[in-house]
Amino acid sequence: MRKRSEAARADHQQQQVSSPTHEQPDDRPPRLRNVKYLNAYYERDKIVLVSRDEQGKVRSQRVRPESSCFIRRAAVDSDLYRMLKGSSLVRSLVAEGEWLRVVWCDRPTCRDASLALEAKGIPTYEADISPIRRYSADNRIEIARPKRCYLDLETDSRVSFSKKEEMRILIWSVVAEDEQTWTGVLEEDTDAAEQRLLMQLLKVLDPYDQVASWNGDRFDFPVLRARAKAREIKIDLGRWLWLDHLELFKRMNQMAAESGDEKQSYALQAIATAVVGEGKDDVDASQSWQMWEAGGEKRDKLARYCWKDTDLMRRIEAKTGYIELLQTLCETCGTFPNSRGADPGNQVESFLLRLALERGEHFKSRIDDKRGEQYRGAFVMEPREKGIIRDVHVADFSGLYPSIILSWNMSPETLIEKPGPTRSGVPDRCCPSYLKHYPLVYPSRPNRVCEAAITESWFDTDREGLLPAALKRMLVLRKVWNVRKAAVPPGTPEWKDADRRSTAYKIAANSFYGVVGSPLSKLFDREVAESVSQCGVWLIKETIKEAEAKGMRVVYGDTDSLFIAGCMREEFERFVGWCNAELYPKLLLSKGCVENRINLAFEKSFSRIVLVCAKKYAGMYSHYKGTAATAESKPEIKGLEYKRGDSVRLARQMQEEVINLVIVKGNEEQAKIEDILSRYRERVLEGIIEKAEELGGEK
DNA sequence: ATCTCTGGCCTCCGAC
DNA sequence: GTCGGAGGCCAG
């Protein structure tokens with residue numbers, strides 16, 4: 001693929017073509033060198049940018065929010081230009097390369113005007129970008145490392161959350177990363193005492209930039225906002241980066257959780273038990289009011305409980321490093337490390353906006369609701385064989401969707417509008433009846449265009465797409481940190497840092513596809529997303545065909561994987577090698593792809609496996625990536641009740657026992673299996689189960 | 001304010 | 001009793 005010329009870069013230098021109707025955009029201060037920003041938030045009609053000076057003192061800059069859109073200069077005739085220039089709704093017009101930046105007086109106007117332009121057939125770009133995102137992309141804002149603390153509140157247990165405006169805060173606790181701790185306790189049940197309590201809290205929070213709370217988005221943060229408002233506290237809470245530690249934990253832990261037991265509850269105590277081995281506290285938070293009211297020892301106990309919960313978050317972070325991982329993602333993408341910055345949609349949008357700007361490109365505006373039909377997704381094979389299958393080899397495509405996006409150069413702006421079929425050279429949709437006897441002729445793929453399988457969409461291969469460029473950048477960074485990781489001693493802080501960064505880039509790369517497929521995203525493109533998934537369907541089906549032609553039994557497959565029986569390990573290895581060396585290059589060439597990033601990998605073999613139905617199986621490895629399994633090796637269990645947090649605990653335990661007997665030990669004696677089953681049957685029928693706890697699962 | 005996607009199994013519950 | 005829609009949770 002061709003590299004973009006340096007000219008495009010130079011072209012991007014801004015040039016003022018007309019003096020703005022009202023004033024120079026003088027509140028764009030010259031960008032401060034080497035300043036990294038902690039946060040940006042709206043305050044009335046300004047954006048406040050937060051940073052710290054060399055002494056660590058917080059400084060705030062105020063800039064005017066810009067609501068702008070871009071139009072291709074080629075699409076602007078002199079009438080339109082005069083109209084824009086004369087409009088009192090337009091604050092300024094700036095030529096940037098082949099683009100015209102139209103700065104509107106406010107956001108609603110920007111939206112309405114862009115809709116009106118679109119209605120006139122003039123496409124607008126980035127009309128929907130928020131002023132903070134606009135500013136931080138235009139000025140290439142760098143993300144600072146915030147000073148972090150953890151916060152937990154205890155509130156009046158007699159009041160429900162829906163009445164949080166009337167929910168008195170009884171105790172707060174703050175823990176910093178260096179284990180420094182503060183706790184505030186309400187002195188008496190009066191508004192004045194609560195106001196003092198909140199003022200103390202804000203004073204303690206003052207040196208910190210990021211506040212993490214377990215379930216903070218749903219509880220602590222709204223409560224704090226509501227009570228600060230009720231007590232008429234004037235301090236702007238927008239200054240802090242509010243981060244819901246629970247939501248972040250869920251997002252990052254989704255992949256890691258082992259069994260259903262671990263997913264039962266995301267209550268702080270449960271997670272703490274699993275992650276840092278902390279036992280349950282005997283305080284009942286639903287009695288917080290009574291404990292506070294009792295005063296003395298009981299009140300102290302509640303305060304201790306509050307502090308302990310706060311400190312658990314610090315310890316969970318010390319163990320998992322998820323907030324640090326978020327920091328890396330945010331620094332790369334240009335989002336702030338609060339709850340919003342943890343959303344992949346925001347990360348990808350922010351990253352691509354900056355990349356596009358560098359390349360002198362812009363996204364299409366998304367001002368109307370484009371939701372509609374679901375698009376087609378992956379191929380899932382019904383398991384072909386029942387019972388225990390021996391010696392099953394598994395291959396999977398490494399990073400299938402990213403590799404497809406790269407190989408087909410898929411991106412919303414490389415998508416080419418495909419002409420419809422013709423009859424005798426006339427487009428079929430306006431074909432007169434006397435030509436109807438001519439056969440339908442479908443357009444053939446031109447040069448420098450590749451065609452997606454199944455959707456048959458066309459993509460320009462001549463200029464590198466934004467999405468592939470972004471992916472490449474992430475993958476290069478990932479490689480850099482993997483090399484670094486391999487060069488330092490395992491387990492050291494340097495190693496952990498490299499590992500975290502490498503993981504962050506992988507997470508970012510994998511989220512691109514999902515974001516393009518999300519109707520809520522500004523980068524949504526159904527045709528691109530469907531082309532990605534359908535190329536995956538095509539590749540796996542072609543591979544299955546070839547394997548079967550070579551006499552192998554394909555017993556199962558899901559999205560990017562193939563489970564194959566009836567061949568020796570070496571034979572399968574040769575097959576995988578052949579697919580990579582010959583099959584995929586041939587297939588991709590036939591579609592006009594310029595690059596081939598498709599790679600099948602021999603991942604593992606199962607000595608025994610049971611496929612229950614699609615997405616449910618249990619198997620025992622004989623090797624994983626060439627490393628032989630040992631006596632300690634655990635089985636791989638997918639989708640079964642054992643893995644589900646909503647199943648009955650007794651069923652999970654029984655399933656575990658049967659899997660250990662049949663799959664792990666390889667003991668298929670009917671009598672032994674029946675032993676287990678009848679034992680559980682007895683327990684249920686004889687009514688030995690007394691505690692609901694033994695069942696679990698039901699919420 | 002909130003938001004990555006689709007495919008699939010399973011339970012629950014109401015309509016017939 | 002059977003069917004289908006809704007919703008939960010999981011695979012990838």
Side-chain angles (χ1 to χ4, degrees), chain A residues 42 128 130 217-218 221-222 225 242 244 247 250-260 262-266 329 333 335 338-352 366 369-383 394 396-402 404-405 467 507-534 536-537 539-540 556-563 603 611-619 636-648 651-652 697-699:
Chain A
Y42 297 105
D128 47 347
S130 80
D217 284 352
R218 283 173 208 261
F221 304 153
R225 271 194 294 272
W242 304 98
D244 190 331
E247 286 303 316
K250 271 196 205 163
R251 205 187 281 282
M252 301 295 187
N253 198 51
Q254 203 83 54
M255 305 159 272
E258 259 291 307
S259 68
E262 287 178 44
K263 283 176 262 187
Q264 273 264 24
S265 166
Y266 277 105
L329 274 167
C333 297
T335 57
N338 54 17
S339 292
R340 291 202 55 171
D343 169 41
N346 282 321
Q347 291 165 356
V348 173
E349 180 193 321
S350 171
F351 184 75
L352 285 187
R366 270 187 51 79
D369 195 354
K370 291 202 171 57
R371 259 175 297 198
E373 294 268 291
Q374 263 201 334
Y375 61 86
R376 289 169 292 174
F379 168 72
V380 183
M381 183 190 259
E382 195 61 34
V394 180
D396 61 3
F397 291 100
S398 17
L400 180 62
Y401 287 178
I404 288 170
I405 292 171
L467 217 51
I507 290 174
N510 285 336
S511 64
F512 279 80
Y513 158 73
V515 173
V516 171
S518 168
L520 298 154
S521 148
K522 297 190 169 56
L523 301 148
F524 173 60
D525 196 309
R526 178 180 285 102
E527 198 175 343
V528 173
E530 190 171 58
S531 294
V532 175
S533 68
Q534 296 314 294
V537 171
L539 283 167
I540 196 167
Y556 182 59
D558 184 350
T559 311
D560 61 353
S561 66
L562 291 164
F563 290 52
E603 193 191 32
L611 303 164
V612 179
C613 57
K615 296 184 187 287
K616 289 188 167 199
Y617 58 87
E636 180 170 291
I637 302 171
K638 297 289 182 187
L640 294 172
E641 284 66 18
Y642 172 78
K643 291 277 285 185
R644 295 179 66 100
D646 62 346
S647 59
V648 175
R652 288 205 296 266
E698 296 93 334
K699 281 167 189 151

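The chains referred to below are lettered A, B, ... by the order of the sequence lines, with proteins before strands, and numbering in each begins at 1. Just so it is clear, the structure is predicted and the values come from calculations on it, not from any experiment.
Heavy-atom nearest nucleotides on DNA chain B were determined for Glu382(A) and for Gly514(A), and the one closer to the 5' end corresponds to Gly514(A).
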Kindly indicate, with the supporting measurements, whether the criterion side chain to side chain contact (heavy atoms under 4.5 Å, CB included) is fulfilled by Phe397(A) and Ile540(A). CA-CA 9 Å; Phe397(A) 291 100; Ile540(A) 196 167; 4.3 Å; yes
Check against side chain to side chain contact (heavy atoms under 4.5 Å, CB included), Lys616(A) and Glu641(A): CA-CA 9 Å; Lys616(A) 289 188 167 199; Glu641(A) 284 66 18; 3.2 Å; yes
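Here, dC3(B) and dG8(C) have their P atoms 13 Å apart, quoted to the whole Å.
Taking atom CG of residue Asp558(A) and atom P of nucleotide dG7(B), one finds them 11 Å apart after rounding to whole Å. Rounded to an integer number of Å, the gap from CG of Leu523(A) to P of dC3(B) is 18 Å. One can place CG of Leu611(A) at 16 Å from P of dG8(B), the figure rounded to the nearest angstrom. In this structure, Asp217(A) atom CG and dT2(B) atom P are separated by 6 Å, rounded to whole Å. For the pair Phe524(A) CZ and dC3(B) P, the interatomic distance rounds to 18 Å; values are reported in whole Å. Rounded to an integer number of Å, the gap from CD of Glu373(A) to C1' of dT6(B) is 14 Å. Rounding to whole angstrom units, CD of residue Glu641(A) and C1' of dG8(B) are separated by 13 Å. One atom, CD of Gln534(A), and another, C1' of dG7(B), lie 12 Å apart when rounded to the nearest Å.
Between the side chain of Gln534(A) and the backbone N or O of Gly377(A), at least one donor-acceptor pair lies under 3.5 Å. For Arg366(A) (side chain) and Phe524(A) (main-chain N/O), no donor-acceptor pair under 3.5 Å exists by modelled atom type.
Closest to the side chain of Cys613(A), out of dC10(B), dG8(B), dG12(C), is dC10(B). The side chain of Gln374(A) has dT6(B) as its nearest neighbour among dT4(B), dT6(B), dA11(C). Here the nucleotide nearest the side chain of Arg251(A), chosen from dT4(B), dA11(C), dC9(C), is dT4(B). Among the nucleotides dG7(B), dT4(B), dG12(C), the one closest to any side-chain atom of Pro344(A) is dT4(B). Checking dG7(B), dC10(B), dA11(C) against every side-chain atom of Lys616(A), the shortest atom distance belongs to dC10(B). Considering only the side chain of Ala614(A), dG8(B) comes nearest among dG12(C), dG8(B), dC3(B).
Looking at Asn346(A) and Thr335(A), their side chains never bring a donor and an acceptor atom within 3.5 Å of each other.
Close to dG12(C), at under 4.0 Å from its OP1 or OP2, lies a side-chain N or O of Lys638(A). Residue Ser518(A) places at least one side-chain N or O under 4.0 Å from the OP1 or OP2 atom of dC5(B). Between Tyr617(A) and dC9(B), a side-chain N or O to OP1/OP2 separation shorter than 4.0 Å is absent. Proximity of Gln347(A) to the phosphate of dT4(B): no side-chain N or O atom is located under 4.0 Å from OP1 or OP2.
Residue Arg652(A) comes nearest to Arg644(A) through the heavy atom pair NH1-O, 3.2 Å, listed as atom of the first residue, atom of the second, then distance.
In this structure, Phe379(A) reaches neither bases nor backbone, as no heavy-atom distance under 4.0 Å exists between it and the strands shown.
A donor-acceptor contact under 3.5 Å is formed by the side chain of Arg644(A) with the base of dC9(C).
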